[in-house]
Amino acid sequence: MDPMQKIKEKIESLIERALEQINIPAPEIVFSVPKQTVHGDLSTNIAMILAKEAKKPPRVLAEDLLRQMMPLPDWIEKAEIAGPGFINFFLKPHAYFNSLAMIMKEGKKFGSTKKGKGEKIILEFVSANPTGPLNVVSARAAAVGDTLANLLKAAGFKAHKEFYVNDVGNQIELFAESLRARYLQALGKEAAIPEEGYQGEYLKRLGEKLARSSFRRTPESSHFKKVGLKKMLDGQKKSLKRFGVVFDKWYLQSDLIKKKKLQKSLARLKKRGFLYEKEGAVFFRSTAFGDDKDRVVQKQDGEYSYFASDIAYHEDKFKRGVRVIDLFGPDHHGYVARTRASVAALGFDPEKLTILIIQQVNLLENEVVVKMSKRAGKLITMDDLLDEISPDVARFFFLQRASSTPLDFDLALAKKETPENPVYYIQYAHARIASIFRKAKTVIPAKAGIQSLLDPDFRRDDEKVDLSLLTLPQEKELAKKLLQFPEVIAEAAKDLAAHHLPFYALELAKEFQAYYSHAKQDARYKVVDAENRPKTLAKLYLLKNIQIVLQNALKLMGISAPERMESKDVASPI
RNA sequence: GCCCCCGUAGCUCAACGGAUAGAGCACCAGCCUCCGAAGCUGGUGGUGCGUGUUCAAUUCACGCCGGGGGCACCA
């Protein structure tokens, strides 16, 4: 449920009735929450939208509307016309406080909605080649993809996380050859890593390990492929787990061929007239759907192209889900048009396919860009990253940025900034509330009711809490902020914009910290007051709600919500 | 040449087409007998250029300028 939505709907019907009175058909009415409190709690631009149609200046129309709306319901303090013709509504605190019970009641579920109607979405991300360890770009994709999946679930979709394993093709052969060479080298034999092969240290180590496990004769190339692949996949899974990302499915490209899915997809395309032969190769007519040129699906040598597998994979995904979301790396943006074309050619709605490009991560070292290449063996791995900074910090760092923009990542800087990282700010707000509760437990006389509020499983009915005792302006603002959470989730899920989440959490933490800090100057802001039990309860109630929302937001980002912040580095008060 | 991403504060990034463009870091000045100073308060400082659409443009369209990336019968 979304309490804010209900408030909006109520005002909406007021406006609709007013429009009816002056004979203007009502369009969709949009509200925004003004940045400044002087502009009220909710604002609409309806008078400016309709000014032309009404043949009146916006402000005059706004006045007409306002007159029709009188008298306002008791939960609206006042309504004003401002600026070029905004109608601003000022709500009484109880309009918000009354909805807090819902946050308490829903707990971990607060913020979730059912807008997705259980629609299944297949979300594919990371999908790095199984030829080496995951790098930082994969880390970014993992953080974003995982949080998008969480957001979609919270918005009422069924999100399925999938990792596509490119275990077929030239790069795998090169990989196997490179490993074989390392193996032979470890045995002291002459062997060269193929040109374009994989030079990384990790293969050297693996080759040495294989050499130690005494083979009587040099194994077949296929053996290196098999062992190497397994090793790489296990390593990738381990890194991802360390990062807190677990996939629902690891989908093998080779399965598409084994299970004849690839062949069937191509047959369908052929039947529909989108395939043709030229110079001994088979082409897909992607230009029929706006691609620059047609694309090869079967090469002259009879092998299927990577793209052919991808066609089959997308068909398979569309058979399993209503919507498909792909997170591509920046080097794959050229694939967007042809992928979309293939989906359309197979008869699926291309609108149901969303391809997000997770932009590159420029790794910097002392402000100099470090070029990464898996084949040349120059890379900074996800594990290297996690050796330096915690998963919480890394995830937050990646989530803060819109994923469609390139990201400069200075490892040295990231490490240095760790103590000041904003993620701690949010966690600290959460821990601080926990701390206040610990304090309250010792100070407030133990009555039957209060224990329940201090208990994690507290529910509203356990004890009457009089929220009208919350009279400070910041308390109303905090309640307002909390109630915006479901909309934040819904919007972020709709736009697939994970970065809204950290910003919201930061804002909420900020408002709380500022509110809390007033207590030093002003006793009215003090939460725990042994002399005033009802007021303490009301404040604790609000704080509990803040804590719940912070928890839920952090959970969506895959970040922990600690009860205490513990660090030796940070000095405690003298 | 074509395609994609990006130009917002000294740096890293925000801003459903809305009102006085916001945060963090950095810098300056204050604040711990009192629920955690990983904190709070105040200050310095910004939309690359041009034209259009609109009541309203950081946002949309077009054109420049600048930075990055991609344009395989490799995956």
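Each chain gets a letter, A, B and so on, in the order the sequences are listed, and its residues count up from 1.
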Check whether A/Q484 reaches the backbone of A/M4 with its side chain - one donor and one acceptor, N or O, closer than 3.5 Å.
no

A/Y251 and A/Y313 aromatic centres sub-6.0 Å:
yes

Out of [options], which nucleotide sits closest to the side chain of [X]?
{"X": "A/Y424", "options": "B/C35, B/A19, B/A38", "result": "B/A38"}
{"X": "A/I436", "options": "B/G36, B/A14, B/G70", "result": "B/G36"}
{"X": "A/K526", "options": "B/G39, B/C5, B/C34", "result": "B/C34"}
{"X": "A/P422", "options": "B/A19, B/G24, B/G18", "result": "B/G24"}
{"X": "A/L506", "options": "B/G68, B/U41, B/A23", "result": "B/A23"}
{"X": "A/V296", "options": "B/A14, B/C40, B/C73", "result": "B/C73"}
{"X": "A/K510", "options": "B/C13, B/G24, B/G69", "result": "B/G24"}
{"X": "A/R432", "options": "B/G36, B/C73, B/A14", "result": "B/G36"}
{"X": "A/K293", "options": "B/C71, B/G18, B/A14", "result": "B/C71"}
{"X": "A/S517", "options": "B/C40, B/G24, B/A19", "result": "B/C40"}

Tell me what [X] touches on the nucleic acid: a base, only sugar-phosphate, or nothing, going by heavy atoms under 4.0 Å.
{"X": "A/E303", "value": "nothing"}
{"X": "A/S435", "value": "base"}
{"X": "A/Y425", "value": "sugar-phosphate"}
{"X": "A/L407", "value": "sugar-phosphate"}
{"X": "A/D291", "value": "nothing"}
{"X": "A/A519", "value": "base"}
{"X": "A/G169", "value": "sugar-phosphate"}
{"X": "A/A82", "value": "base"}
{"X": "A/V168", "value": "sugar-phosphate"}
{"X": "A/F307", "value": "nothing"}
{"X": "A/H500", "value": "sugar-phosphate"}
{"X": "A/Y164", "value": "nothing"}
{"X": "A/Q300", "value": "base"}
{"X": "A/R564", "value": "base"}

Rounded off to whole Å, could you give me the [atom1]-to-[atom2] distance for the [X] and [N] pair?
{"X": "A/Q521", "N": "B/G42", "atom1": "CD", "atom2": "P", "answer": "11 Å"}
{"X": "A/L50", "N": "B/U54", "atom1": "CG", "atom2": "C1'", "answer": "15 Å"}
{"X": "A/L496", "N": "B/C16", "atom1": "CG", "atom2": "C1'", "answer": "15 Å"}
{"X": "A/F398", "N": "B/C13", "atom1": "CZ", "atom2": "P", "answer": "12 Å"}
{"X": "A/R59", "N": "B/C55", "atom1": "CZ", "atom2": "C1'", "answer": "13 Å"}
{"X": "A/Q547", "N": "B/C35", "atom1": "CD", "atom2": "C1'", "answer": "14 Å"}
{"X": "A/Y515", "N": "B/C35", "atom1": "OH", "atom2": "C1'", "answer": "11 Å"}
{"X": "A/I46", "N": "B/A56", "atom1": "CD1", "atom2": "P", "answer": "18 Å"}

Do you see a donor-acceptor pair shorter than 3.5 Å between the side chains of A/T405 and A/Q359?
no

Taking a pair as Watson-Crick or G-U wobble with both distances under 3.5 Å, which nucleotide is matched to [N]?
{"N": "B/C62", "result": "B/G50"}
{"N": "B/A29", "result": "B/U41"}
{"N": "B/A19", "result": "none"}

What I want to check is whether an N or O donor and acceptor connect the side chain of A/N45 with the base of B/G18 at under 3.5 Å.
yes

Tell whether A/S43 reaches the base of B/A19 with its side chain through a donor-acceptor pair below 3.5 angstrom.
yes

Is there any protein nitrogen or oxygen under 3.5 Å from a nitrogen or oxygen in nucleotides 57-62 of chain B, and what are the pairs?
none

Is the [X] ring parallel, tilted or perpendicular to the [Y] ring (thresholds 30°, 60°)?
{"X": "A/H332", "Y": "A/Y306", "answer": "perpendicular"}
{"X": "A/Y516", "Y": "A/F512", "answer": "tilted"}
{"X": "A/F283", "Y": "A/Y276", "answer": "parallel"}

Let me know, please, whether A/E507 or A/S403 comes out on the 5' side of the other along RNA chain B by nearest nucleotide.
A/S403

If you assign each of A/P34 and A/E491 to its closest nucleotide in RNA chain B, which residue comes earlier from the 5' end?
A/E491

Roughly how far apart, to the nearest Å, are [N] and [M] at atom [atom1]?
{"N": "B/C6", "M": "B/G43", "atom1": "P", "value": "33 Å"}
{"N": "B/G68", "M": "B/C25", "atom1": "C1'", "value": "24 Å"}
{"N": "B/A9", "M": "B/A23", "atom1": "P", "value": "16 Å"}

Any salt bridge linking [X] with [Y]? Criterion: basic side-chain nitrogen under 4.0 Å from a carboxylate oxygen.
{"X": "A/K8", "Y": "A/E487", "result": "yes"}
{"X": "A/K317", "Y": "A/E162", "result": "no"}
{"X": "A/E477", "Y": "A/K480", "result": "yes"}
{"X": "A/E80", "Y": "A/K78", "result": "yes"}

Option from A/D326, A/L148, A/V144 for which side-chain contact (heavy atoms from CB on, under 4.5 Å) with A/L356 holds:
A/L148

For B/A15, does OP1 or OP2 lie under 4.0 Å from any side-chain N or O of A/H499?
yes

Kindly label the base of B/C40 as syn or anti, based on whether its glycosidic torsion lies within 90° of 0.
anti

